[in-house]
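I have placed the structure first, in the form of structure tokens, so that the comments after it can refer back to it.
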Amino acid sequence: MSEPQASVLFVCVHNAGRSQMAAAFLTHLSQGRIEVRSAGSAPADAVNPAAVRAMAEVGIDLSTQTPKILTPETVRASDVVITMGCGDTCPVFPGTTYLDWKLDDPAGQGLEAVRPIRDAIEQHVRALLTRLLPEPT
């Protein structure tokens, strides 16, 4: 397999829902062509169980993932940083592309409420993928 063509970091406060789902979708859809990380400014103890169930419904297993702390090194090592409600806690470095996705927070929500968030994240990830990995002409 060839080297990843880009590296992407997904960031939300707890790294337990949105950023975990986004990272899982990008990992799955890019098939190793993109290096994917996720982190949180105040990581939770575990990934949101409703997010795990919602992703299982689309064939992606989040059950072994754990929330990780956001570090300046992780940001510096990424070509694209996508924030999802972490506000000003994300360090900013020159040469890195920053995007902010406005998505509802699945924290404390049931599976019914998490499904549309999951589906919105998948749409964002698919659009990002076409930007990062344009089809050869």
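Positions are given from 1, in the same order as the sequence printed here. When reading the values below, keep in mind they use all heavy atoms of this one structure, side chains included, and skip hydrogens, waters and symmetry mates.
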Heavy-atom closest contact (Ala24 atom, Met55 atom, distance): CB-CE, 3.9 Å
Val47 versus Gln65, closest heavy-atom pair with distance: CG2-O, 3.4 Å
Hydrophobic cluster membership, Ile117 vs Leu99, 4.5 Å side-chain cutoff: yes
Ile121-Leu111 co-clustered via ILVMFWY side chain contacts under 4.5 Å: no
Mutual orientation of the aromatic rings belonging to Phe10 and Trp101 [parallel < 30°, tilted 30-60°, perpendicular > 60°]: tilted
Flag, side chain of Ser7 to backbone of Ala77, donor-acceptor distance under 3.5 Å: yes
Contact list for residues 113-128, test salt bridge (charged side-chain N to carboxylate O under 4.0 Å, His left out), sequence neighbours left out: Glu57-Arg115, Glu57-Arg118, Glu112-Arg115, Glu122-Arg126
Short side-chain to backbone donor-acceptor contact, Lys68 and Thr66, under 3.5 Å: yes
Nearest heavy-atom neighbours spanning Pro106 and Val114: CB-CG2, 3.8 Å
More than 12 heavy atoms of other groups within 6.0 Å of Asp79 CG: yes
Note, Thr74 side chain near Val11 side chain (heavy atom, < 4.5 Å): no
Connected via hydrophobic side-chain network under 4.5 Å: Leu26 and Val58: yes
Arg37 side, atom CZ; Leu70 side, atom CG - distance, nearest 0.5 Å: 11.5 Å
Shortest non-hydrogen contact from Met84 toward Leu103: SD-CD1, 4.1 Å
Distance (rounded to the nearest 0.5 Å) between Asn48 CG and His14 NE2: 10.5 Å
Separation of Leu129 CG from Ile34 CD1 (nearest 0.5 Å): 5.0 Å
Which atom of Ala16 lies closest to which atom of Ala51, heavy atoms considered: O-CB, 4.2 Å
Interatomic distance, Gln20 atom CD to Cys12 atom SG [nearest 0.5 angstrom]: 7.5 Å
Distance in Å, Met21 CE paired with Leu62 CG, rounded so as to fall on 0.5 Å steps: 8.0 Å
Contact summary for Ala23 and Ser38, nearest pair of heavy atoms: CB-CB, 3.9 Å
Sub-4.5 Å side-chain heavy-atom contact between Phe25 and Leu128: no
